[in-house]
Every structure is written in structure tokens, then in C-alpha cells.
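Since the model is a prediction, treat every value here as computed from it, not as a measurement.
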Amino acid sequence: MKNFLIPTRLTSDTISAVKTAINHSKNGNTKIILFLVTDEIDSFSAAQYLREQDSQITHKEMDVLDNCRDLIELFPNCKLEFKRQSGISSPLLKNFLHLHSVDLILLTKSIITSKKSVHINLIHSIENQKIPILRLINDSTTQLNKAIYLENAFSRLNIDDIQQYMHDQFPLQKISQVLKKEQETSEYTNLLLNDILSKNDIDFVIETRTSERSKIKKKNELNQHFEIPVLSLHEETV
């Protein structure tokens, strides 16, 4: 992985997400982009637009940004960029991801659980892109060392496809177990997954998605239900 995108609300879990990105930069040249998306500013005056934009960042949020900048200075192979966007749309996001050659999107819990419409729209647009998504859970730095693959019943992919992809993109990680979602109910699958997670040293879950499925709003994300990071891979890119 070389280029990471972290949508942010400039809360403390942003710092942990930056640390996670650094940990998986493979010591190569890495660009980490903090992406602050705010409500669209409705103004005919450029001066008023700039004033309203500046007023949207508090001193506490600036402290988080400064902490991220201080942290990145300790790692010469990493570069931190801060981008702001007033309003968001799927075409705009797609062009942004292409322009910056983003390899992985890290979603913090504060973004995932936000009730603001601009963040809900952002998450929806992200899920319909084909870039891998890592959903984080809290303020802890995430080490992705040992995974379980949650295989969809009708997926065109098999474990060998996932293993090869993970070897290419995450060479330090390994898949230790596979759980198939066959025809059982989600409750039964959750029960099996919960049992595996409680008995094994699993760091994160791997799942796959398609553009069609990602249009459906999920009521309970895996990482919120089990408090474990989830790496979501788009089936067309594996």
C-alpha cells in the first residue's frame, strides 16, 4: 500500500488511523490524506465562503491535525496531506480517489457512526467505489496480522484468490480461518463468528462486497457488532 485516504472529523481516532496507515506503509514512500468533508457552504461571496470555511474548524480539531503532523515528521517515508471539501458526490469522490491514486480507505468509528447527512452520503459513496476499505473500531492503533475470511455464499472468489491478493497487498498478514455464509441466517453466521473470535487470536475480518450489494444500507456493520476491524474488498478488484 502506498496511498491512504482517511476521511476525518478531526477527532482523536484520526490520530490512531494515521498510526495504522504508518504501520502498514511497508517502509515505502507513502502518502496519507486526511479528508475533511463538511456541509456545503451556500455563499455568493468568495470572502464570506472563506470565512465560513475557516470557522468550521475548532481549536480542538486543529490540535488533532497538529498532532498528526507532528507524528508524521517521525517517519521520513511518509507524507501527510490535508484536504477539505464542502459537500460531496459520488462523481467528485471518484475523481478525487483517481487523482490521488488511493490504495486503501481507512474509516474511523467517528465517521462510521456520524449522523450528519454529509458523512452518511460520504460513506455511501465510498462503499460504491472499488477501493479496499478498512473499517476501524476505536482509538487504538490497528495491527493487521491475523485474519478470518468471511466468505459470501455466491461470491465468484475463493480462498486462493483472497490469499494471493492479501499476499500482494498485505505481505505481513495471513488468513488463518474461513467462515462460509452459505444459506444460514445472519444471526447464525454472527453466532459462529463470535465463537471463532472469542477462541482465537484474530486481529481483523476480511469480507467482500459488490457495487450492487453496497447500495443496500447495512443495519449492523460487523466491526460495530463485534468490535473488530473489517477489511472490505471489492470483488472486481481482487
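- Remark: L106 CG to I33 CD1 distance equals 11.5 Å, nearest 0.5 Å.
- In this model, no donor atom of one side chain and acceptor atom of the other lie less than 3.5 Å apart for D160 and Q164.
- Atom CD1 in I159 sits 10.0 Å away from atom CG in L157 (nearest 0.5 Å).
- Of all heavy-atom pairs spanning S114 and I120, the tightest one is O-CG1, 3.8 Å.
- The ring of F82 has its center no closer than 6.0 angstrom to the ring center of F35.
- For H98, the side-chain contact (heavy atoms from CB on, under 4.5 Å) test picks out no residue, with sequence neighbours left out.
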For this session: Applying side chain to side chain contact (heavy atoms under 4.5 Å, CB included), run through L193 and I148 and close with a yes or a no.
Result: CA-CA 9 Å; L193 182 58; I148 178 172; 4.0 Å; yes
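- In this structure the side chain of I105 never reaches within 4.5 angstrom of the side chain of F4, judged on heavy atoms.
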Problem set entry | Step-by-step side chain to side chain contact (heavy atoms under 4.5 Å, CB included) determination, E151 to T208 | CA-CA 7 Å; E151 183 179 5; T208 60; over 6 Å; no
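- Distance alone, capped at 3.5 Å, places no donor-acceptor pair between the Q129 side chain and the I131 backbone.
- Note that CG of L5 and NE2 of H100 are 8.5 Å apart. Values are rounded to the nearest 0.5 Å.
- Annotation: side chain of L10 is not in contact with side chain of M62 (no heavy-atom distance under 4.5 Å).
- Note that CD1 of I112 is 7.0 Å distant from CG of L136, once rounded to the nearest 0.5 Å.
- By the 4.0 Å N-to-carboxylate-O rule, R135 lies close enough to E127 to be salt-bridged with it.
- The shortest heavy-atom contact between V238 and D161 is CG1-O, 3.8 Å.
- Note that CD1 of I123 and OG of S125 are 9.5 Å apart. Values are rounded to the nearest 0.5 Å.
- For the pair T38 and L36, the minimum side-chain heavy-atom distance is below 4.5 Å.
- In terms of heavy atoms, I137 sits closest to P229 at CG2-N, 3.8 Å.
- When only modelled atom types and interatomic distance are considered, D13 and S110 share a side-chain donor-acceptor pair under 3.5 Å.
- At least one side-chain heavy atom of C68 sits less than 4.5 Å from a side-chain heavy atom of L80.
- Here the shortest heavy-atom pairing between R9 and T14 reads N-OG1, 4.4 Å.
- The pair K79-E81 counts as a salt bridge, with a side-chain nitrogen and a carboxylate oxygen less than 4.0 angstrom apart.
- Between K31 and K2, every side-chain heavy-atom pair lies at or beyond the 4.5 Å cut-off.
- Hydrophobic clustering, with ILVMFWY side chains joined whenever heavy atoms are under 4.5 angstrom apart, groups L34 together with L74.
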For this session: Take V118 and L122 through the side chain to side chain contact (heavy atoms under 4.5 Å, CB included) test and state the conclusion after the steps.
Result: CA-CA 6 Å; V118 67; L122 174 62; 5.9 Å; no
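- For the pair R84 (side chain) and V37 (backbone), a donor-acceptor distance under 3.5 Å is absent.
- Side-chain atoms of N3 never come within 3.5 Å of backbone atoms of D103 as a donor-acceptor pair (strictly under, hydrogens ignored).
- Salt bridge status for D63 with K60: absent, with no side-chain N to carboxylate O gap under 4.0 Å.
- Residues I111 and T8 form no side-chain contact, since every pair of their non-hydrogen atoms from C-beta on lies 4.5 Å or further apart.
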Problem set entry | Test log, rule side chain to side chain contact (heavy atoms under 4.5 Å, CB included), inputs L107 and L134 | CA-CA 6 Å; L107 294 180; L134 177 62; over 6 Å; no
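- In this structure, CD1 in I72 is found 12.5 Å from CG in N67, a value given to the nearest 0.5 Å.
- Contact of the N128 side chain with the H124 side chain is registered, since non-hydrogen atoms from C-beta on lie closer than 4.5 Å.
- For the pair H234 and T237, the tightest heavy-atom approach, listed with the atom from each and the gap, is O-OG1, 2.9 Å.
- Looking at T11 and E61, their side chains never come closer than 4.5 Å, going by heavy atoms from C-beta outward.
- Scanning both residues, F204 and N145, for their nearest heavy atoms gives CE2-N, 4.0 Å.
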